[in-house]
There are 2 protein chains.
Amino acid sequence: MTAVEDGLRLETRERPSHGTARDLVAEAIDTGALVTVVGRCTVDYEGRASSTLGPGERLVMLKPDGAALVHTDEGQQPVNWQPPDCDHEARLADGHLVVESHRETPEEHLRVDFEAVLEVSAYGLTDERDLSLEGTEEDLRQRILDEPHLIEEGFVPLATERGTPAGAVDIYGEDAEERAVAVELKRRRVGPDAVGQLGRYVDALERDLHADREVRGILVAPSVTDRASRLLAERGLEFVPLTPTGGTADD
Amino acid sequence: MTAVEDGLRLETRERPSHGTARDLVAEAIDTGALVTVVGRCTVDYEGRASSTLGPGERLVMLKPDGAALVHTDEGQQPVNWQPPDCDHEARLADGHLVVESHRETPEEHLRVDFEAVLEVSAYGLTDERDLSLEGTEEDLRQRILDEPHLIEEGFVPLATERGTPAGAVDIYGEDAEERAVAVELKRRRVGPDAVGQLGRYVDALERDLHADREVRGILVAPSVTDRASRLLAERGLEFVPLTPTGGTADD
DNA sequence: CGATGAATATCGGGA
DNA sequence: TCCCGATGTTCATCG
């Protein structure tokens, strides 16, 4: 089976000279292609923090939206990077291909200096990027709004993202006895941080509403850690086990 | 200028047949090479959540440590991925190259189905990966341990990462009047979450120590947001502006 | 293996 | 633009 012509743009050079590599990278940046450069290089970053990386073999990706990624043979995360909206540049310095990426606000600069270039490729890519994702906190919220009794019998949601001086409450409502209820949602097992978050909202609501009005705080998540459970008890907060999808909590 | 032979392994096919692509990807996985496959594809993920991605042109990277990345032409983050320690597999299905990546604990599966393959490359990469990074929270901690007066005159650090029922305090110490002090460090401007964190530690320490002993809580960061500042005041906590590097706080 | 919190976190929504 | 919180966060460290 032979691949048919498909209109996808592609330009590749194996083991190019540094000059050829520079020209191809520079052209690809200009034409809005996605570029990969693989070779032995050093990397320097200066900006929100600063870092240096000694010689090693890596894959550098330059995206047309201005993002830059330096990947080694290990790890899901790039060892160095630059966020979108940066300006990329390819140049020769001391006979080496040097790729630089820069932005302001904040001032950040990435420099990759190649001592050997294994391959340079430029791809003209287009993507609709219509990702459909399920199992998020949003799904959990909708599930509760559809079936409020999942929280408890008589629970009535009154607002989502209700503002307080401490931040927005995921779901604000009332229980069967018309007590105010703040619900904090998490799509996965939670630790102490989520308890602190809920506690801040409850405190803020108790200040906001009349001081004599009781405010219940309910954490909704598949499960909680021991420490979080203890913190909930200390603060008089409650926990309701629930998953975004309706599956069992697999902790 | 011509690149010299450098021992770096490289295997590339432009617009290969799906069968050729499958063979090359499978061999590269076996030999521990880093693989890139560029082409038009759909992506399905099922695991901690689930997602589907319709047809589009993307770059798929398979790392020898088991990580997988699907990158579009936009964004610093991959649109889909799989963490390290997954098992990669390349197969033909309905004449299409299909790349799959799987792991257990948790059960997660990624499937990329190519309808067109623009290029397949396999790179044999090695990397020492000796990244040196400055400007981290660790740097801020060391700066304070070296010069405790940066917190205030008379401050004495007694422990780092001191355990409490609510978590570990970054720096625990005493002030000039021998009051207990909990210090929470952040390398950058902080919001309400950091105040909640510090508050939990202070509460826990006040329970741990004798109830009559006052515990001061000090947040150390380049700057704070308005809301965080208000929360600090409400809880009787303090703020000391300080950067990891000693530079000025650029908020 | 789980828990905990840092990160050049990134990303999207809202004011 | 900044603030704020979610994320299939990932990652290192510690118990």
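Each chain gets a letter, A, B and so on, in the order the sequences are listed, and its residues count up from 1. What you see is a predicted model; the values in this text were computed from it and never measured.
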- So what does Gly75(B) touch, heavy atoms closer than 4.0 Å: a base, only the sugar-phosphate, or nothing? sugar-phosphate

- Message: Heavy atoms only, 4.0 Å cut-off, all strands: where does Glu184(A) land among base, sugar-phosphate and nothing?
- Response: sugar-phosphate

- Of all the nucleotides listed (dG5(D), dT10(D), dA6(D)), which has the minimum atom distance to the side chain of Trp81(B)? dT10(D)

- Message: Need one value for Ser50(B): base, sugar-phosphate or nothing, where a base atom within 4.0 Å counts as base even if backbone is also close, heavy atoms only.
- Response: nothing

- Task: May I ask you to say what Pro78(A) touches in the nucleic acid, namely base, sugar-phosphate or nothing, with a heavy-atom cut-off under 4.0 Å?
- Result: nothing

- Note on the structure: DNA chain C nearest-nucleotide lookup for Thr105(B) and Asp193(A): closer to the 5′ end is Thr105(B)

- Look at all strands and tell whether Asn80(B) reaches a base, only sugar-phosphate, or nothing, counting heavy atoms closer than 4.0 Å. base

- Ignoring hydrogens and angles, state whether a donor on the side chain of His88(B) or Gln82(B) is under 3.5 Å from an acceptor on the partner side chain. no

- Could you tell me whether Asp146(B) atom CG has more than 12 heavy atoms of other residues or ligands within 6.0 Å of it? yes

- Note on the structure: So the contacted stretch of DNA chain C, first to last nucleotide with an atom under 4.0 Å from a non-hydrogen atom of chain B, runs from dG5(C) to dC11(C)

- Query: Is it the case that more than 12 heavy atoms not belonging to Glu128(B) sit under 6.0 Å from its CD atom?
  - Reply: no

- Item | Interface residues of residues 53-69 of chain B with DNA chain D (non-hydrogen, below 4.0 angstrom) | none

- Rounding to 0.5 Å, atoms NE2 (His71(A)) and OG1 (Thr36(A)) come to a distance of 12.0 Å

- Query: Contact class for Pro106(B) vs. all strands (heavy atom < 4.0 Å): base, sugar-phosphate, or nothing?
  - Reply: nothing

- Please work out if Pro244(B) contacts a base, only the sugar-phosphate, or nothing of the nucleic acid, heavy-atom cut-off 4.0 Å. nothing

- Message: I'd like to know if Gln82(B) reaches the base of dG8(D) with its side chain, counting only an N/O donor and acceptor under 3.5 Å.
- Response: yes

- Query: NA contact type, Arg227(A), heavy-atom cut-off 4.0 Å: base, sugar-phosphate, or nothing?
  - Reply: sugar-phosphate

- Would you classify Gly47(B) as touching base, sugar-phosphate or nothing, given that sugar-phosphate means primed atoms plus P, OP1 and OP2, and contacts are heavy atoms under 4.0 Å? nothing

- Message: Please give me the minimum heavy-atom distance between Ala168(B) and Glu161(B), naming the atom from each residue.
- Response: CB-OE1, 3.5 Å

